[in-house]
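Everything numeric here is computed off the predicted structure, so don't read it as measured data. Nothing fancy with the numbering, it's 1 onward along the sequence.
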Amino acid sequence: MKKIFKFLGLAFLLFLIYLGYTTYPKLDLISGFSAKSMASGHFIDHRSQEMIEKGDNDIKMITLSKNQIDETGKFATASVYGLKERKAIYREGLGATLINDNFDISKPYEVPKRTKINNNLPFPYGNNEPKDTIFDNIDYDKLNAAVANAFDAKGQKMKRTRSVIVIYKDKIIAEKYDTGFDKNSKILGWSMTKSITATMFGILQKQGKLTINKLAPIEEWADDERKNITINDLLHMNSGLEWEEDYTKICDATNMLFLAEDMTRVQLEKPARFKPNTHWNYSSGTSNLLSGILRKQFKTHQEYLDFWYSALIDKIGMNSMIVETDMAGNYVGSSYSWATTRDWAKFGLLYLHKGNWNGEQLFDESWAKYVATPTNGSNGDYGGHFWLNASGFYPDAPRDLYSANGYQGQRVFILPSQDLVIVRMGLSEEVKFDFNGLLKGIVGSLNKK
């Protein structure tokens with residue numbers, strides 16, 4: 001019996017050693033994710049700690065973290081079993097930033113200067129309530145059933161949809177929110193931010209300040225094979241640079257988002273593995289590298305901060321949006337932008353109208369075609385920082401559909417042939433949420449018989 005207990009004790013000890021060996025390196029990422037999520041959700045959208053823990057942080061391993069919010073200091077901390085405590089600070093105008101022990105919180109910082117349009121127009125060209133419009137061709141019973149089906153029944157936790165809005169011919173024809181959310185709730189778009197980042201290049205090109213087919217302005221690449229990479233290659237995610245994006249483990253993407261001080265440099269420092277325009281590889285590091293390239297287009301950091309809002313975000317009345325920065329003050333162009341569902345819909349409408357916003361052309365019509373054209377190696381699934389349906393990924397949706405996609409099923413769908421924009425925000429991906437069914441139901445409701 002003693003031998004059995006000794007054996008079990010040894011086995012348990014070996015298990016603890018193995019668990020520590022495999023898990024301890026992840027603690028920085030676990031507590032980092034939790035602290036950042038806590039600070040952003042609470043200070044940007046005013047969610048309670050309990051709501052964040054049961055919603056945003058209800059992810060395997062992340063639930064191990066113990067969190068605390070400091071209202072006075074405007075920061076959140078998280079640790080796992082008392083180990084690897086991480087801290088995320090909130091600064092008005094910049095959102096929440098996950099910091100390291102060397103970060104000087106007393107150092108002065110710049111914030112974007114914003115001009116919020118108040119023109120007394122109804123949505124979408126203003127922030128007043130939209131006018132009720134009834135379309136004869138819409139089967140509203142079918143439409144509302146399709147939208148309602150996107151949400152969990154009471155007591156369920158599978159679809160986890162937070163909001164859905166459907167815009168047809170510039171009019172809201174359906175809008176629904178889950179408990180705890182409404183039209184004023186700001187929701188993280190995750191990788192939909194990539195599409196925001198790309199749009200800044202379309203605007204700069206329209207203004208004659210940049211040409212995407214030119215070589216990427218990276219001094220560190222001047223003397224090696226990377227010198228041939230263009231901005232176009234980066235926008236298409238086929239630069240050939242090494243990158244691993246796998247959120248189930250420690251990888252380039254997780255190290256960048258939860259450890260790097262300057263996220264614009266992480267992809268920059270990676271070697272080339274393929275020739276440009278020959279190998280498609282999805283990379284959040286590339287999007288942040290593009291944010292760094294945008295920074296180089298301006299003489300001052302203040303101009304860089306202002307441009308995103310003055311040229312796009314506030315220009316189209318996305319007044320709720322905030323794009324968060326890293327420790328170096330750069331916009332995290334891969335992942336961190338927050339906005340209401342209605343404001344995300346405005347972004348989709350801008351593309352539906354090929355860059356024209358209430359009479360003003362923000363980017364050339366050709367840019368909308370550019371981002372929706374398949375890039376080499378993507379099998380018709382990806383364009384210029386937008387996802388495509390050219391290959392029929394959604395079999396019951398039009399092939400001209402393209403979308404801004406984000407982690408956990410954030411979507412801004414643009415359907416030019418249907419004059420539709422559909423936004424779905426939530427906490428589940430395709431495995432647990434039927435996007436094809438949602439699209440099929442909504443599109444099918446437009447032809448009332």
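For the ring-ring contact (aromatic ring centres under 6.0 Å, His included) with Trp190, the lone residue among Tyr247, Trp338, Tyr407 that qualifies is Tyr407. Screening Tyr331, Phe298, Phe201 against Phe307 for a ring-ring contact (aromatic ring centres under 6.0 Å, His included) leaves a single residue, Phe298.
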Working for side chain to side chain contact (heavy atoms under 4.5 Å, CB included), residues Trp308 and Ile196:
CA-CA 9 Å; Trp308 291 52; Ile196 297 286; 4.2 Å; yes
Working note: Lys275 + Glu225, criterion salt bridge (Lys or Arg N to Asp or Glu O under 4.0 Å); need CA distance, chi angles, decisive distance, verdict.
CA-CA 8 Å; Lys275 291 183 178 180; Glu225 65 270 34; over 6 Å; no
Could you walk me through whether Thr373 and Lys369 satisfy the side chain to side chain contact (heavy atoms under 4.5 Å, CB included) test, starting with their C-alpha distance in whole Å, then the side-chain angles of each, then the deciding distance to 0.1 Å, before giving a yes or no?
CA-CA 6 Å; Thr373 300; Lys369 182 178 180 180; 4.0 Å; yes
Chi angles and distances behind the side chain to side chain contact (heavy atoms under 4.5 Å, CB included) call for Thr97, Met327:
CA-CA 7 Å; Thr97 302; Met327 284 182 268; 4.0 Å; yes
Evaluation steps, side chain to side chain donor-acceptor pair (under 3.5 Å), between Ser366 and Asp364
CA-CA 5 Å; Ser366 60; Asp364 288 332; 4.6 Å; no
Assess the residue pair Asn356 and Glu360 against the criterion (side chain to side chain donor-acceptor pair (under 3.5 Å)); give the C-alpha distance rounded to whole Å, side-chain angles, the decisive distance to 0.1 Å, and a yes or no.
CA-CA 5 Å; Asn356 188 289; Glu360 182 177 359; over 6 Å; no
Show, in sequence, the C-alpha distance, side-chain angles and deciding distance for Leu27 and Leu83, and conclude whether the side chain to side chain contact (heavy atoms under 4.5 Å, CB included) test is met.
CA-CA 8 Å; Leu27 298 187; Leu83 302 171; 4.0 Å; yes
As a quick check of understanding, evaluate side chain to side chain donor-acceptor pair (under 3.5 Å) for Asp233 and Asn277, giving each step before the final call.
CA-CA 6 Å; Asp233 295 327; Asn277 200 30; 5.1 Å; no
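Salt bridge status for Asp56 with Arg162: present, with a side-chain N to carboxylate O gap under 4.0 Å. Comment: Asp58 engages Arg160 in a salt bridge, judged by a side-chain N to carboxylate O separation of less than 4.0 angstrom. Between Lys296 and Glu219 there is no salt bridge, since none of the side-chain N atoms of the basic residue sits less than 4.0 Å from a carboxylate O of the acidic one. Lys54 has a carboxylate O that lies under 4.0 Å from a charged side-chain N of Glu50, or vice versa, which qualifies the two as a salt bridge. A salt bridge does not link Lys74 with Glu92: none of the charged nitrogens is closer than 4.0 Å to a carboxylate oxygen. With salt bridges taken as basic N to acidic carboxylate O contacts below 4.0 Å, none links Asp152 and Lys159. Checked for salt-bridge contact, Asp28 and Lys84 meet the test: a charged N lies under 4.0 Å from a carboxylate O.
For the pair Glu220 and Leu268, the minimum side-chain heavy-atom distance is below 4.5 Å. By the 4.5 Å heavy-atom criterion applied to side chains, Asn232 and Tyr370 are counted as neighbours. Counting only heavy atoms from C-beta outward, the side chains of Asp343 and Ile316 never approach each other to under 4.5 Å. A heavy-atom distance below 4.5 Å is found between the side chains of Pro217 and Ile293. Between Val266 and Asn255 there is no side-chain heavy-atom pair separated by less than 4.5 Å. Side chains of Leu210 and Ile231 form a contact here, defined as non-hydrogen atoms less than 4.5 Å apart. Taking 4.5 Å as the limit, every side-chain heavy atom of His385 sits out of range of all side-chain heavy atoms of Val371. Side-chain contact between Asp419 and Leu352 is present, with heavy atoms from C-beta onward closer than 4.5 Å.
A side-chain donor from one of Asp396 and Asn436 sits under 3.5 Å from a side-chain acceptor of the other. Side-chain polar atoms of Ser283 and Asn281 form no donor-acceptor pair below 3.5 angstrom. Ser334 and Ser287 are not linked by any side-chain donor-acceptor pair at a separation below 3.5 angstrom, with hydrogens and angles left out of the test. Asn288 and Ser291 are not linked by any side-chain donor-acceptor pair at a separation below 3.5 angstrom, with hydrogens and angles left out of the test. A side-chain N or O of Ser284 and one of Glu245 form a donor-acceptor pair less than 3.5 Å apart. A side-chain donor from one of Thr264 and Asp262 sits under 3.5 Å from a side-chain acceptor of the other. A side-chain N or O of Asn238 and one of Thr375 form a donor-acceptor pair less than 3.5 Å apart. Under the 3.5 Å distance criterion, with hydrogens and angles disregarded, a donor-acceptor pair is assigned to the side chains of Asn57 and Ser37. Side-chain contact annotation: His353 with Asp170, donor-acceptor N/O pair under 3.5 Å present. Donor-acceptor pairing under 3.5 Å is lacking for the side chains of Lys346 and Asn319. Residues Thr230 and Asn213 have side chains that never bring a donor and an acceptor to within less than 3.5 angstrom of each other. Side chain to side chain, Gln267 and Thr286 meet the donor-acceptor criterion of an N or O pair below 3.5 Å. A donor and an acceptor atom, one from each side chain of Asn67 and Ser34, are located under 3.5 Å apart. In this model, a donor atom of one side chain and an acceptor atom of the other lie less than 3.5 Å apart for Lys194 and Ser191.
The local environment of CD in Gln361 is crowded, with over 12 non-hydrogen atoms from other residues, nucleotides or ligands closer than 6.0 Å. Heavy-atom neighbours of Ile59 CD1 from other residues, nucleotides or ligands within 6.0 Å: above the threshold of 12. The 12-atom threshold is exceeded at NZ of Lys206, counting heavy atoms of other residues, nucleotides or ligands nearer than 6.0 Å. The neighbour count for Asp224 CG, taken as heavy atoms of other residues, nucleotides or ligands under 6.0 Å away, is above 12.
Aromatic ring orientation, Phe258 versus Phe33: tilted (interplanar angle from 30° to 60°). The aromatic rings of Trp280 and Tyr282 sit tilted relative to each other, their planes meeting at an angle between 30° and 60°.
Figure legend: Lys87 and Phe75 shown as a cation-pi pair, the cationic atom lying under 6.0 angstrom from the six-membered ring centre and within 45 degrees of its axis. A cation-pi arrangement is present between Arg91 and Tyr109, with the terminal nitrogen or guanidinium carbon under 6.0 Å from the aromatic centre and inside a 45° cone about the axis. Cation-pi check for Arg424 over Phe413 is not met; the charged atom does not lie both under 6.0 angstrom from the ring centroid and within 45 degrees of its normal. For the pair Lys315 and Tyr309, the cation-pi criterion (under 6.0 Å, within 45° of the ring axis) is not fulfilled.
Interatomic distance, CG of Leu94 versus CG of Leu305, reported as 7.0 Å (0.5 Å rounding). One distance of note links CD1 of Ile30 with CE of Met61; it measures 4.0 Å at 0.5 Å rounding. Atom CG of Asp101 and atom CD of Glu85 lie 9.0 Å apart (nearest 0.5 Å).
Close placement of the Tyr351 and Phe363 rings is indicated, their centers lying within 6.0 Å of each other. Taking the six-membered ring where the residue is Trp, the centroids of Tyr394 and Trp387 are separated by 6.0 Å or more.
For Lys36, the salt bridge (charged side-chain N to carboxylate O under 4.0 Å, His left out) criterion is met by Glu324, not counting sequence neighbours.
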